[in-house]
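Naming: A, B, ... by sequence-line order, numbering from 1 per chain.
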Amino acid sequence: MNISITAGRGLRRWRWLSLGVAMTVALTACGTESGSGGGSGAKKITFWLSTSAQLQGYNELAKEFEAKEGVKVEIVNVPYDGYQDKLRQSAQANSLPDVASVPQLDPIWINQLQDLSATANNDTNKIRKDLVTEQDGKVLAIPSDLTAAGLFINKSLFDKAKVSYPTDPAKAWTWDEFLAAATKVRTATGAKYDLVYDNSPARIRAFIYTHGGKGFQLGPDGKYAAPDAATVQALNDFKALNDDKVMPKSVWTSGADPNALFKSGQVVAYYSGVWQVADFAESITNFEWASAPTPAQPVHATDINLGGKVIAFNNGDAAAPAKKWVDFIFQRDNYTKLAAANGYLPVESGLTVTYPFKKQAALDAFALYTKEIELADPISSSGQAAQTTLILDGKAIQKDPTKDEMAKFINGEQDVQKTVDNIVNGLNEQLN
Amino acid sequence: MVDSIHPPAEAPGIDVRRGPEPVRPRQRGWRPRRRNRYVGAPLVLISINLLLFVTFFVWPAITGLVYSFTSYTGVGTAPYVGLDNYQRLLQDESFYAALIRTLIFTAGAVPLTVLLSLGTAVLLVTPYTKGKSLARVIFFLPWLISPIIAGVIWRWMFGENFGLVNYLIISLGGKEVPWQSDANLSLFVVIIAAAWGGTAFNMLLFVAALKNVPTAYYEAASLDGAGSWDKFRNITLPAIAPTTFIVVLLSILHSMKEYALIQAVNAGGPGTANNLLVQYIYTKGFERAQIGYASAASFVLMLILMVVAVVQLGMNRRKES
Amino acid sequence: MALTTSTPRPPVLRRRKRPDAPGELSKKVWATAVMWLLVVVYGFPVLWFLLSSFKPAGELFSYPLTFLPEQPTIKGFTEAWTRFDVARYFLNTLVVALSATALTIVASAACGYALAKYRSWWLKAFTLCILATTMLPGEVLLSPLFLVVRDLGLYNSLSAVVVPAVITATGTFMFRQFFLTVPDDLLEAARIDGSGELSTFLRIMLPLSRPIMLTLAIFSFQWRWNDYIWPLVVLNDPNKFTLQIGVATIVGAENVNWSVLLGASVLSMIPLVAIYLLFQKYVMNADINAGLKD
């Protein structure tokens with residue numbers, strides 16, 4: 001063999017690599033012609049949100065807004081996983097959007113927000129004042145919608161076992177009554193579990209509140225304080241439910257998906273929240289389901305949270321149209337349409353929303369949630385209120401340790417006292 | 001040529017393994033000195049990677065290293081706290097628990113993955129098998145499946161509540177196996193899932209190496225009447241040793257950093273029983289905005305991995321010379 | 001100096017196996033049986049995944065378990081297809097994956113060759129440095145790396161996704177380990193012939209490593225294709241988003257639309273399988289030994 005033959009072959013083979021390099025050059029050229037984010041001429045603004053389903057309503061509003069104001073709204077659906085990171089990094093690159101609906105405010109960019117008080121305080125809008133984020137008389141964020149935790153039942157199983165269930169939140173059952181009924185249904189129908197319960201700090205808050213506990217609250221010193229005895233007792237009770245009969249252990253200890261377990265049709269009830277309604281309406285076909293009032297033992301409570309917080313950034317000449325867009329969203333007629341299209345529980349009081357669901361169970365569910373929110377003990381929204389307080393103080397809870405600590409507790413790695421201590425410490429650790 | 005004594009350079013044949021080579025001492029004497037003359041060429045050759053390494057690794061890593069000596073939370077200032085983060089880390093029992101669990105996971109997943117990927121690669125290359133074109137795709141597909149989907153797949157199979165395996169066990173009159181709430185079984189499932197997902201990558205490395213073994217060796221060996229196993233052991237294995245080395249090294253480094261898959265399959269559960277090192281770094285660090293602490297833990301992880309790599313490179317060098 | 005390192009092989013034996021030899025048939029049966037057993041084991045979860053993507057949402061988690069979709073539907077696929085600007089995202093991802101792959105191969109081949117064929121303390125040190133790049137969890141570097149990319153003026157351009165990804169320990173080591181197996185005699189012979197170091201690399205060594213190039217191309221293509229968090233953070237303009245960013249919007253904070261996610265995942269795997277089949281064919285057919293080592 002001699003080298004020159006190899007060399008000839010080599011040059012031929014080399015060619016496709018040089019093609020790649022040429023591509024790269026083209027690519028770099030591509031990169032440099034990038035347009036700037038928003039501001040130019042302010043005939044166009046950007047609106048970021050993160051949703052797996054609720055885009056429709058905004059798309060329609062944006063069209064109307066463009067027709068009316070001559071400003072195009074570019075809607076960007078950012079994945080939930082990484083949204084927070086992306087906002088942070090965008091702030092560092094001076095490329096924040098003009099308007100956004102975010103899960104949480106962030107001290108990194110909170111000083112770049114515009115005052116939305118004109119919209120929030122406009123009396124015709126009737127936006128619930130207790131839910132807006134306000135600092136020094138400036139409104140920084142208006143929630144796009146409410147969410148509430150709540151109970152779902154497998155109606156087919158209940159019917160089959162001929163066990164009745166309440167439909168009016170005012171006549172809600174206690175946890176004991178509910179669990180007794182669920183056990184009866186399970187044994188009568190041969191189902192596998194009474195209940196699955198979302199593995200989430202917000203949902204466990206509802207469990208604590210309904211058992212008369214106050215949960216983990218901020219003390220006067222701005223730190224989380226040790227919880228009351230009822231809270232500790234409620235956590236103990238909750239652990240006892242994870243016995244692989246009432247509830248499968250796998251959800252709270254090893255990340256099994258309760259939504260999937262409920263959809264199997266083998267679980268009598270599922271404690272989750274209003275966001276499941278649209279999903280269930282579409283993807284439960286092998287049994288009938290219904291929303292049922294959250295058990296009260298004895299407190300009527302849920303966990304009220306905010307679906308998204310609408311904010312406007314102060315981006316040069318896009319600032320004014322950005323504010324206009326926010327105002328447009330919350331104008332009563334527009335917001336009614338938005339809430340219907342997106343399946344939102346409204347933040348404006350006294351609104352009659354006609355949801356476009358075909359399934360009666362879904363319509364009933366929304367009616368029930370609306371009643372539940374009116375009836376709920378004020379403590380129900382304290383979780384999100386605490387978050388807002390902290391953010392305005394320049395602090396933030398990135399990760400609620402409740403989930404991890406409860407997993408250890410239920411798995412028998414630590415006792416309840418240690419669990420409670422770890423949660424309090426874990427929360428306070430993030431407040432430095 | 002300490003670094004590159006390899007079978008292709010040796011005479012073929014089954015009984016010529018690492019026999020004494022008379023030329024070796026002479027080579028040792030002059031080659032390294034000769035090689036040292038070349039500075040410009042290797043420098044040019046590594047220049048792209050060198051530039052990228054400094055820009056996109058060293059520069060950010062130094063920032064991270066600086067954070068590890070502070071109590072930075074991602075917002076505002078980063079107060080200097082000296083070695084405090086490192087001290088806290090080394091006093092934390094759950095760090096050691098995570099380290100031990102990581103080592104167990106690695107000890108289970110790496111040999112399994114390497115064996116399976118070598119096995120599948122051999123089967124795809126050998127002339128003895130039929131139907132390779134389909135098999136090739138099937139072995140490859142698991143590697144493309146994202147962790148979140150892999151999580152669903154494996155929970156569907158090994159879910160203890162409504163999983164397929166338990167369904168079959170019960171149908172056969174057995175008792176439900178706690179695939180998720182028993183720590184060891186849960187780890188076992190993740191090891192299987194990791195081997196399933198990681199095979200294709202290593203398999204492709206092995207396929208390229210196997211195709212590179214000169215066919216002449218096998219033919220010569222066949223003439224000498226060697227059996228398949230002899231050929232595999234005495235020709236194939238030595239010939240692909242450099243690839244085996246890199247497969248093992250990369251698999252170890254990868255396994256020690258496993259995160260996404262275990263998160264998707266059992267979230268490090270039950271409880272925190274199967275929290276591996278990177279999970280530990282996330283839950284104790286980043287997710288609680290303890291950037292300083294997380295950085296410190298990351299650099300300790302890096303140190304551990306560096307020791308692993310140096311030991312392996314050293315052992316490999318000794319074996320080769 | 002002779003480039004040959006092996007004894008001359010009997011040329012007739014190359015093609016002709018002895019099909020009638022007594023052990024051959026049973027070997028074939030065994031090897032094929034084992035391979036198909038493995039195919040079943042590996043393929044079963046994949047098959048469930050593929051079949052599930054044709055199930056309507058209501059069937060996905062129903063119990064008792066079903067394997068075949070009872071009412072097959074392609075709704076998951078069509079919904080995935082209309083969720084976001086698939087064509088544009090696809091094109092962006094393609095540009096990223098192709099250019100990153102080409103650059104990765106060039107950088108890795110050159111570096112791997114240098115690490116294999118030259119000896120000095122700084123090359124040894126750099127070998128470890130290359131490995132070090134795999135040793136930190138991504139999150140540690142995310143934020144500092146972002147600042148670097150921003151300061152270099154790459155923010156919001158596809159090159160911000162490509163350039164930092166070019167250096168890879170896997171790729172570099174694949175070439176290093178390969179070039180270790182190439183006899184040094186070849187290099188020496190080229191030197192005696194008066195070939196310069198770099199031209200030896202380009203003309204002789206690089207062509208030899210074609211199977212490695214193709215294998216790395218498959219890897220690199222898959223890595224870039226499935227990249228998610230980094231493109232999300234460095235790309236601001238939705239016209240530059242990549243495929244996985246679109247796919248990730250299907251996974252919400254509280255809900256995952258599984259049937260759409262399964263559909264989208266299957267769709268986004270198709271190009272990868274195509275690339276694999278194309279390149280792998282060349283790796284399999286690479287009859288590099290024939291030309292070189294005899």
Under 4.5 Å from any heavy atom of chain A, what part of [X] do you find: side chain, backbone, both or neither?
| X | answer |
| --- | --- |
| B:Glu287 | both |
| B:Ser186 | neither |
| B:Glu176 | side chain |
| B:Val152 | neither |
| B:Arg288 | both |

Would a line drawn from the ring center of [X] to the ring center of [Y] be shorter than 6.0 Å?
| X | Y | answer |
| --- | --- | --- |
| A:Phe216 | A:Tyr224 | no |
| A:Phe287 | A:Phe280 | no |
| A:Tyr270 | A:Trp289 | no |

Non-hydrogen atoms of chain B under 4.5 Å away: do they reach the side chain of [X], the backbone, both or neither?
| X | value |
| --- | --- |
| A:Leu261 | both |
| A:Glu429 | both |
| A:Gln414 | neither |
| A:Asp244 | side chain |
| A:Phe409 | neither |
| A:Lys408 | both |

Worksheet item: Is the side chain of A:Asp393 donor-acceptor paired with the backbone N or O of A:Lys395 at a distance under 3.5 Å, no angle test?
Response: no

Practice prompt. Output yes when a side-chain donor or acceptor of A:Gln430 lies under 3.5 Å from a complementary backbone atom of A:Gly426, and no otherwise.
Written response: yes

Fill in: Distance (rounded to the nearest 0.5 Å) between A:Ile391 CD1 and A:Asp106 CG
6.5 Å

Item to complete: To the nearest 0.5 Å, tell me how far A:Leu105 CG sits from A:Ile108 CD1.
Response: 13.0 Å

Worksheet item: Do B:Asn275 and B:Ser94 get their side chains close enough for a donor-acceptor pair, meaning under 3.5 Å?
Response: no

Worksheet entry | Distance-only donor-acceptor check, side chains A:Gln417 and A:Asp415, under 3.5 Å | no

Item to complete: Flag the one option from A:Ala407, A:Ser254, A:Ser250, A:Gly255 with the top tally of heavy-atom pairs under 4.5 Å to chain B.
Response: A:Ser254

Fill in: Between A:Ser264, A:Gly412, A:Ala260, the one whose heavy-atom pairs under 4.5 Å with chain B are most numerous
A:Ser264

